[in-house]
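All remarks here apply to the structure that follows.
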Amino acid sequence: MRFTLFLRSLLFFALMTVATVVWALACFLFAPLPYAKRYYWTSRWNVFVIWMAKVICGIRYRVKGVENLPDSPAILLSKHQSAWETIFYLMWMPRPLVYVFKKELTYIPFFGWGIALLRMIPIDRKSGRDAFAQVVEHGRKRLADGQWVIMFPEGTRIAVGRQGKYKQGGARLAVETNTPVVPIAVNAGECWPKNSFVKRPGVITVSIGPPISPEGLTAVDLTLQVENWIESEMRVISPAVYRHQNGDQTRDQPRDHTASKGKRAGRNNRIS
């Protein structure tokens, strides 16, 4: 069984590598197109990779809480366990996404070149306060254009069943721009583990929480509400994982009930 998973993962990796090279070169052809079309054609790589993960590795997904996605600009703050969600969100979300990421990713051959042609927000973490000022400046413009900014408040991929320190960058941007925050819990690490070559079959759950208005909140308070919702929801979508932790490696957080209710509906709990 382990050997079979390895072979499937090897095939998946080989095809993804080829697709990345082909799509990156194609992206230069898409560059002169209007941004909406350029974004669409670039994200076909994401569609292909998620499809391959399903067909070759047996990784399917379901989405809960689609009705919570607002019909207006928003800042998405997501749990981060795997590369899977970074690929999935770009192709699945109904609005163009703006990722905030370290600029070193744009130096990666082919993959980074494709990202550089999109309206993302690469930052130099060494710049400190200047880096955040850049996020606010570009984030404000992207939100005004109707796009959604997405950030991973833990900053890096966190192993299954663990909790990282939630940083306040996304909440600070929300407060600065008076934009609602949408928390997202995802357990992709159970199928696509951090730093693991072998992918495991299963169903990944993406759970979208009610949007939280930053009005009257500090970045600290808003971050805490996001953390409470995500970490509580992780125990709902991955009960076996947290049950086996016995409280030794994670911090139990109370569920937050203060967020406002979203407007959008459709596609709930559908397994793809």
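The side chain to side chain contact (heavy atoms under 4.5 Å, CB included) with Val149 is formed by just one residue from the set Val98, Leu77, Leu97; it is Val98. With Ile56 as the fixed residue, the side chain to side chain contact (heavy atoms under 4.5 Å, CB included) test singles out one of Trp51, Phe12, Phe13: Phe12.
A donor-acceptor contact closer than 3.5 angstrom links the side chains of Glu190 and Ser238. Looking only at atom types and distance, the side chain of Ser43 has no donor-acceptor partner in the side chain of Asn46 under 3.5 Å away. Inspection of the Gln168 and Thr223 side chains reveals no N or O donor paired with an N or O acceptor under 3.5 Å. In summary, the side chains of Thr179 and Thr177 do present a donor paired with an acceptor at a separation below 3.5 Å, with no hydrogens or angles considered. Side-chain contact check for Thr42 and Trp23: no donor-acceptor pair (N or O, by modelled atom type) lies under 3.5 Å.
For the pair Lys79 and Glu231, the salt-bridge criterion is met [side-chain N within less than 4.0 Å of a carboxylate O].
With hydrogens and angles disregarded, no donor-acceptor distance shorter than 3.5 Å links the side chain of Glu154 to the backbone of Lys165. Between the side chain of Trp148 and the backbone N or O of Ser72, at least one donor-acceptor pair lies under 3.5 Å. The closest donor-acceptor contact from the side chain of Arg38 to the backbone of Ala31 lies under 3.5 Å. Looking at Lys194, its side chain never comes within 3.5 Å of a backbone N or O of Ala159 through a donor-acceptor pair.
The shortest side-chain heavy-atom distance between Ile123 and Phe101 does not fall under the 4.5 Å cut-off. Counting heavy atoms from C-beta outward, Glu233 and Lys64 have side chains that approach closer than 4.5 Å. Here the side chains of Arg2 and Val198 are in contact, with some heavy-atom distance below 4.5 Å. Side-chain contact between Gln147 and Arg95: absent, with no pair of heavy atoms (C-beta onward) separated by less than 4.5 Å. By the 4.5 Å heavy-atom criterion applied to side chains, Ile184 and Val206 are counted as neighbours. With contacts defined as side-chain heavy-atom distances shorter than 4.5 Å, the pair Phe152/Tyr99 qualifies. Residues Asn68 and Pro211 form a side-chain contact, since some pair of their non-hydrogen atoms from C-beta on lies under 4.5 Å apart. Using a 4.5 Å heavy-atom cutoff, the side chains of Trp92 and Val66 are in contact.
Between Trp84 and Phe88, the two ring planes are parallel [angle under 30°; tilted spans 30° to 60°]. Under the 30°/60° scheme for interplanar angles, the aromatic rings of Phe197 and Phe6 are found to be tilted.
Minimum heavy-atom separation, Cys191 to Val203: SG-N, 4.2 Å.
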